[in-house]
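One structure below.
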Amino acid sequence: MIKQNPQRKHIRDDKLPHFFCPGCGCGQVLNYFLRAVDEENINLDEMVTIGGVGCTARIPVYLKTDTLHGVHGRTLAWATGIKLHKPEIPIVIFAGDGDLASIGGNHFIHAARRNLDVTVILVNNLNFAMTGGQVAPSTPSELKTMTAPYGNKEPDFDICKLAIAAGATYVSRWTTDRPNQVIKGIKDAMKHKGFSLIEIISQCPTHFGRYALDSGNPQVLLDWIKDLTLTKTQADKLTAQEQKGKFIIGEFIKEDKPVYTGSSVYKEACQ
Amino acid sequence: MSEKKAYQERVQSGVHFMAGNYATVEGAIAAGCDFFAGYPITPANEISEGMSKRLPAVGGAFMQGEDELASIFAVAGASLAGAKAMTATASAGFNYKQEGIGYASAIEAPCVIVDVQRCRGENFASQADVMQMRWGASGDYETICLAPSSVQELFDYTVKAFNLAETFRNPVIVMSETTIALMRERLEIPDPKDLKILNRRYTHQKPGEYMTYKANPNQAPDFAPLGKGYHNLYSINPHDERGGIDWDPEVFDKLYQRITGKISENKDQICETQSYHMSDASLAVIAYGSEVRPALDAVEMARAGGIKVGLLKLVTVWPVAEKQIKEVASQVSAILSVEMNIGKYSREIERVSGGRCPVHYVTKNKGSGHTKEEIYQAIKEVWK
C-alpha cells in the first residue's frame with residue numbers, strides 16, 4: 001500500500017506534481033508550513049495565503065486556502081487592503097528574496113513599520129531563480145550568477161536586520177536543513193500578533209548552485225550553507241568582520257506593539 | 001440631528017456649493033465605498049483628504065499608501081475581501097496604476113480609479129491620458145471609463161462607476177480633469193431612495209460546488225467571500241474556471257473571451273451619450289469631459305447664427321459608443337472632434353465613422369481648454 005503524506009489533505013486536488021525543481025527548498029518549506037498548521041490545529045479554510053511572482057510565490061497556489069498570486073512584489077500591498085477591510089482573516093505570505101527585498105522592498109519596509117498583522121515566510125535562495133539565476137540583493141558578494149559573471153560587486157542585504165530596523169515585531173532566520181527550528185519558527189510567527197518575518201535560507205541547485213558553486217547537486221549546496229551558518233549565540237562572540245558572509249540563525253526579536261488597524265483607530269476618533 | 005451625526009450619513013442629500021474633488025468623494029461614499037487608498041499627488045489631493053475624514057465616519061477604512069502601487073494593490077486586496085474600493089491619482093501617478101489595473105482586470109476585482117488629468121508635472125488642464133485609460137496595462141483587457149464634465153457629474157458618474165464595477169467585476173476609471181476637479185459649482189445630492197446603488201453579488205453555492213471563475217459567456221462570475229472555505233485562487237496567470245493556473249491555449253482563449261467579452265459584447269448596455277440640438281443637425285461636434293462645456297456654448301452660438309450644428313457628448317469614453325457615433329456619422333456631413341490633447345480620441349471617432357463623413361480634429365494641447373469662440377470658429381470653417 002502506498003502511504004500518503006499526512007499533509008496531502010491540504011493540497012488542492014489537481015495540483016500535483018508541483019513544479020519545483022528536484023532538490024529545491026520550496027517543497028520543504030511547503031511541507032514545514034503544513035506541519036506547523038497541523039501541529040497548531042490551524043483551519044486553512046479561514047486563511048488567505050499570498051504569493052507574488054517567483055518560485056516561492058508558487059507555494060500558496062498548491063494550498064487549500066484562499067490565495068492571491070501573480071504580481072511581482074505586491075504581496076504586502078494586497079495584504080494591507082485585506083487586513084484593513086477584514087482584520088480577522090489570518091494572512092500568510094510566501095515570498096522569495098527578489099519578490100520581498102528587491103521589487104517589493106518598499107511595501108516590505110512599510111508593512112513592517114506599520115506592524116501589519118501578517119506572517120511573511122521568506123524563502124531566501126540567494127538569487128532570482130524562476131527567471132534563470134540572476135543576481136539578487138540577497139546574493140553574497142563576489143559570487144557568480146547569470147548576470148554577475150565576474151562575481152557580484154554589490155554587498156548583500158541582511159533582510160532580518162532590515163525588518164527589525166523598519167519595525168517588525170517578530171523576526172527569525174533558519175535554514176532548510178533544520179526542520180524542527182523552521183517548523184517552530186513558522187508556528188511562532190503565525191501565533192505572533194503583528195508583523196512577523198521568518199527567513200529560511202534555502203538551496204537552489206538549478207541556478208544558484210550551478211553558477212555560484214559550480215554544482216547542481218543540492219547536497220553540495222546544503223553543505224555550503226551549513227558551513228557558513230552560525231547560531232546567534234556563536235555569532236555574538238565574533239567581531240563584525242568575523243560575522244561577514246555568514247548566515248546567522250536564531251530568533252532576533254519578539255515583542256508586542258500595537259498592530260496596524262487603520263480605520264478602527266480613526267473610527268474611535270470620530271465618535 | 002447633531003452636526004457630527006449628520007456627517008456619519010453616507011448620502012449628504014441637499015444642495016451644496018462644492019469643489020469637484022469633494023464631489024467625487026461624496027459620490028463614492030454615497031455609492032457605498034468602504035475602502036480608499038491613495039498617495040499624495042496634486043490635483044487629486046482633496047480626494048484623499050476628503051476620504052480620510054469621511055470614510056472612517058461611515059465605518060470604512062482609509063490608508064495613505066507608501067506609493068501609488070501600494071494604493072492600487074491595497075484596493076485590489078480590499079476588493080477581494082468584499083470592499084467597494086477606490087483609489088485616486090493624477091496623470092503622473094496614473095502611470096503606476098497600470099500594473100494594478102492589469103491585475104484587477106485579469107482576476108476580475110471590481111474597483112474604481114479616479115485619474116484627475118493634468119499636464120506633465122504641472123496642474124494645467126489636459127485630457128491627454130485618454131488612451132492610457134484604455135490601453136495602459138500590459139495584456140488584453142477591456143476598460144470602462146466615464147468622462148464627467150461638471151461637479152455634478154463627478155458625483156453622478158462616480159456613483160455610476162461603482163455600479164458598473166460591481167456589475168462587470170472590472171476596474172472602472174473616472175476620467176476627471178484639473179478643470180472640473182478644482183472647480184466649485186452647484187451640486188445637488190439626491191435622497192438616498194433616489195440613488196441607484198448596486199452591491200456585491202455573492203454565490204448561493206456551497207464550498208466544493210462553487211468555482212471562482214465559472215460564469216455565463218460574456219458575464220462576470222459571482223463572488224465567494226474570503227476565509228470561508230471556498231479556496232478561491234486569484235492568479236493573474238491564465239486560469240481555468242476553478243482559478244487554477246492552466247497553460248492550455250483553449251483555457252486561455254475561453255478565459256479572455258469572457259473577460260473582454262463581458263465588456264465588448266455588452267457595449268450597448270454600458271455606453272451612454274447625450275445629444276444636444278442633434279435632431280436636425282447636419283454638422284456634429286463630438287466632445288467629452290470638460291470640453292463639453294465650451295463645445296455646447298459654441299454649438300448654441302452657431303445655432304443663433306443659423307448653422308445647423310449639434311453636439312454629441314460622450315458620457316462613456318471607453319468602450320467606444322460605436323452605435324451612437326455611427327448614427328451621427330450617417331446623419332451629418334461632417335464631424336468636429338473636440339479634445340484637449342494632440343488628437344487621440346479623434347482617431348477613434350474617425351475609425352468608427354468609417355468614412356461616412358469627414359472627421360475634423362479640433363484639438364488643443366496648451367494646458368488650457370478650448371474657448372467657445374475657438375470651437376465656434378472651427379464650426380464656421382467646416383460649415384463654409
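Quick note on labels: first sequence line is chain A, next is B, and so on, each numbered from 1. This structure is a prediction, so every number in the text was calculated from the model and none was measured.
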Decide side chain to side chain donor-acceptor pair (under 3.5 Å) for B/Asp67 and A/His110; before the verdict, give the C-alpha distance in whole Å, the side-chain angles of both, and the deciding distance to 0.1 Å. CA-CA 10 Å; B/Asp67 52 36; A/His110 288 279; over 6 Å; no
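- Both the backbone and the side chain of A/Leu68 come within contact range of chain B, judged by heavy atoms closer than 4.5 Å.
- Between A/Trp78 and B/Tyr103, a ring centre-to-centre spacing shorter than 6.0 Å is recorded.
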Any chance you could lay out the side chain to side chain contact (heavy atoms under 4.5 Å, CB included) test for A/His69 and B/His239, step after step, and finish with the verdict? CA-CA 11 Å; A/His69 168 263; B/His239 44 266; over 6 Å; no
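- Contacts of A/Asp14 with chain B are made by side-chain atoms alone, with heavy-atom separations under 4.5 Å and no backbone atom involved.
- Within the 4.5 angstrom heavy-atom criterion, only side-chain atoms of A/Val48, from C-beta onward, approach chain B.
- Proximity to chain A involves both the backbone and the side chain of B/Ile245, based on heavy atoms less than 4.5 angstrom apart.
- A/Lys15 touches chain B through its side chain: at least one heavy atom from C-beta onward sits under 4.5 Å away, while N, CA, C and O do not.
- In plain terms, the two heavy atoms of B/Leu69 and A/Ala77 that are nearest each other are O-CB, 4.4 Å.
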Check the pair A/Glu46 / B/Lys228 against salt bridge (Lys or Arg N to Asp or Glu O under 4.0 Å), numbers first and verdict last. CA-CA 6 Å; A/Glu46 295 169 359; B/Lys228 301 288 178 196; over 6 Å; no
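- In this structure, no portion of A/Arg113 lies under 4.5 Å from any heavy atom of chain B.
- With a threshold of 4.5 angstrom between heavy atoms, B/Leu226 approaches chain A through its backbone and through its side chain.
- Between chain B and the residues A/Lys64, A/His72, A/Lys86, the most heavy-atom pairs under 4.5 angstrom are made by A/Lys64.
- For the pair A/Asp66 (side chain) and B/His231 (backbone), a donor-acceptor distance under 3.5 Å is present.
- For B/Ala37, no part lies under 4.5 angstrom from a heavy atom of chain A.
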